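These numbers come from a predicted model, not from an experiment.
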Amino acid sequence: MQERVPLPTSPPRRRWSYDRFQQRFAPYIFTSPFFILFLIFGLFPLGFSLFLAFHLWNPLDGLGNWEYVGWENFGLALGAPDQFWVALKNTLWIGLLSGVPQHLVALPLAFVINQSLRRWQGGISTILFLPYITNAVAITIVFGMLYSENLGLLNYALSVVGLGPVRWLAVPDLVPVSVAVVVFWRYVGWNVILYLSGLQAISEDVYEAATVDGASSVQKFFYITLPLLRPMMFYAFTLTIVGNMQLFEEPFIMVGQAGGSGGTALTSAMHIYNVAFRDLDMGYGSAMAWLLFLAIFVLSMINNFLFSRGGGRS
């Protein structure tokens with residue numbers, strides 16, 4: 001009698017289980033909101049602005065009604081008569097007026113707090129950090145009142161000593177200085193906090209050894225603190241460069257979108273805003289935005305080169 005050969009059977013199907021779902025699909029589901037938001041609000045605007053930089057488009061014409069112009073927008077921005085160069089020069093000037101004093105004040109102040117005022121470090125740090133977290137609109141309005149020609153506190157102080165009122169927000173040469181003072185006051189405390197965190201990472205044994213060798217506080221600062229603080233200085237300088245090159249809120253609120261008297265406070269970000277959202281030339285504005293990005297990148301690379309010389313930055 002012939003034996004029956006059993007038919008091959010398919011392997012049993014794996015039943016759905018919660019543990020299997022967690023291992024294979026849950027990580028992607030829980031991380032997907034970040035990638036979706038980044039795609040919509042981060043990557044897509046960058047790609048769309050780069051696309052518009054090569055086109056002529058008015059948003060009132062609707063999507064799809066753009067005209068390809070190649071490098072024309074970039075050539076127009078880089079042309080001699082264009083205001084892009086004027087705005088970039090104003091941005092660099094205000095950045096120097098506000099950025100350099102920030103670090104010249106913040107670094108020694110952080111050193112003094114770390115060395116001599118540790119007992120009150122928490123309270124001092126809180127006070128210094130308050131301008132950074134205060135609303136920029138409120139800060140600018142308050143400083144606008146201080147700069148007022150007839151009712152401002154600064155001109156009142158000058159009148160007490162017999163000096164006439166100064167038009168802080170009307171004289172072209174004084175407008176960038178007035179804006180730079182606001183930027184300096186707002187961010188100097190932030191840099192102090194950065195430098196304090198860097199100083200606290202330096203071992204006390206180094207300072208104790210220097211004290212035993214007879215080093216003074218000035219010698220400790222220049223021969224111990226500065227070399228060991230180079231990585232934090234690089235970070236702080238980079239943040240200052242990026243922030244000052246994108247300066248917008250303070251001059252826009254204080255002197256208006258035209259940049260004040262003579263346009264001396266018209267920054268690159270304000271000029272891009274005027275072209276893109278006032279004149280509705282999105283292609284031209286996008287091209288200038290990418291040129292501003294290129295300028296920030298070049299300055300950041302110069303900063304990186306200066307701080308990395310001699311292997312000082314790790």
* Taking the six-membered ring for Trp, are the ring centroids of Tyr187 and Trp190 within less than 6.0 Å of each other? ->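 No, the ring centres sit 6.0 Å or more apart.
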Under 3.5 Å donor-acceptor, [X] side chain and [Y] backbone:
X: Trp57; Y: Leu280; value: no
X: Asn90; Y: Ser268; value: no
X: Ser98; Y: Val183; value: no
X: Asn304; Y: Ser300; value: no
X: Asn155; Y: Glu149; value: yes
X: Asp213; Y: Ala215; value: no

Check whether more than 12 heavy atoms from other residues, nucleotides or ligands sit under 6.0 Å from atom [atom1] of [X], and answer yes or no.
X: Trp185; atom1: CH2; answer: yes
X: Phe222; atom1: CZ; answer: no
X: Trp93; atom1: CH2; answer: no
X: Tyr156; atom1: OH; answer: no
X: Tyr223; atom1: OH; answer: no
X: Arg119; atom1: CZ; answer: no
X: Tyr235; atom1: OH; answer: no

* Asked: What orientation do Phe248 and Phe252 show, parallel under 30°, tilted 30 to 60°, or perpendicular over 60°?
  ->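 Geometry flag for Phe252 against Phe248: parallel rings.
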* Asked: Hey, what's the ring geometry for Trp71 with Phe74, parallel, tilted or perpendicular (30° and 60° as the breaks)?
  ->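 Judged by the thresholds at 30° and 60°, the geometry between Trp71 and Phe74 is tilted.
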Compare every heavy atom of [Y] with every heavy atom of [X], then report the nearest pair and how far apart it is.
X: Ala53; Y: Ser286; value: N-CB, 3.9 Å
X: Leu266; Y: Gln83; value: CD2-NE2, 3.3 Å
X: Ser178; Y: Leu169; value: CB-CD2, 3.9 Å
X: His103; Y: Thr240; value: NE2-OG1, 2.8 Å
X: Phe143; Y: Val181; value: CE2-CG1, 4.3 Å
X: Leu92; Y: Leu299; value: CD2-CD1, 4.0 Å

Heavy-atom side-chain proximity of [X] to [Y] below 4.5 angstrom:
X: Leu128; Y: Leu109; answer: yes
X: Ile133; Y: Leu130; answer: yes
X: Val192; Y: Ile124; answer: no
X: Tyr147; Y: Leu174; answer: no
X: Ile202; Y: Tyr207; answer: yes

Working to the nearest 0.5 angstrom, can you tell me the gap between [X] [atom1] and [Y] [atom2]?
X: Leu228; Y: Leu199; atom1: CG; atom2: CG; value: 9.5 Å
X: Ile296; Y: Met301; atom1: CD1; atom2: CE; value: 12.0 Å
X: Asp281; Y: Ile272; atom1: CG; atom2: CD1; value: 12.5 Å
X: Ile113; Y: Gln200; atom1: CD1; atom2: CD; value: 10.5 Å
X: Glu250; Y: Phe184; atom1: CD; atom2: CZ; value: 14.0 Å
X: Leu46; Y: Phe41; atom1: CG; atom2: CZ; value: 13.5 Å

* **side chain to side chain contact (heavy atoms under 4.5 Å, CB included) between Leu151 and Met145, intermediate numbers included** => CA-CA 7 Å; Leu151 303 175; Met145 297 172 62; over 6 Å; no
Kindly work out whether a path of hydrophobic side-chain contacts (I/L/V/M/F/W/Y, heavy atoms less than 4.5 Å apart) joins [X] to [Y].
X: Leu163; Y: Leu153; value: yes
X: Phe234; Y: Leu107; value: yes
X: Trp290; Y: Leu88; value: yes
X: Val242; Y: Leu291; value: yes
X: Leu37; Y: Phe44; value: no

* Asked: Hey, mind stepping through Asn244 and Thr91 against side chain to side chain contact (heavy atoms under 4.5 Å, CB included) and telling me if it holds?
  -> CA-CA 7 Å; Asn244 285 343; Thr91 305; 5.9 Å; no
* To do: Could you walk me through whether Ile139 and Glu249 pass the side chain to side chain contact (heavy atoms under 4.5 Å, CB included) test, one step at a time?
  => CA-CA 10 Å; Ile139 292 174; Glu249 296 171 321; over 6 Å; no
* To do: Would you please test Tyr284 and Glu72 for side chain to side chain contact (heavy atoms under 4.5 Å, CB included) and show each step?
  => CA-CA 9 Å; Tyr284 186 26; Glu72 181 179 330; over 6 Å; no
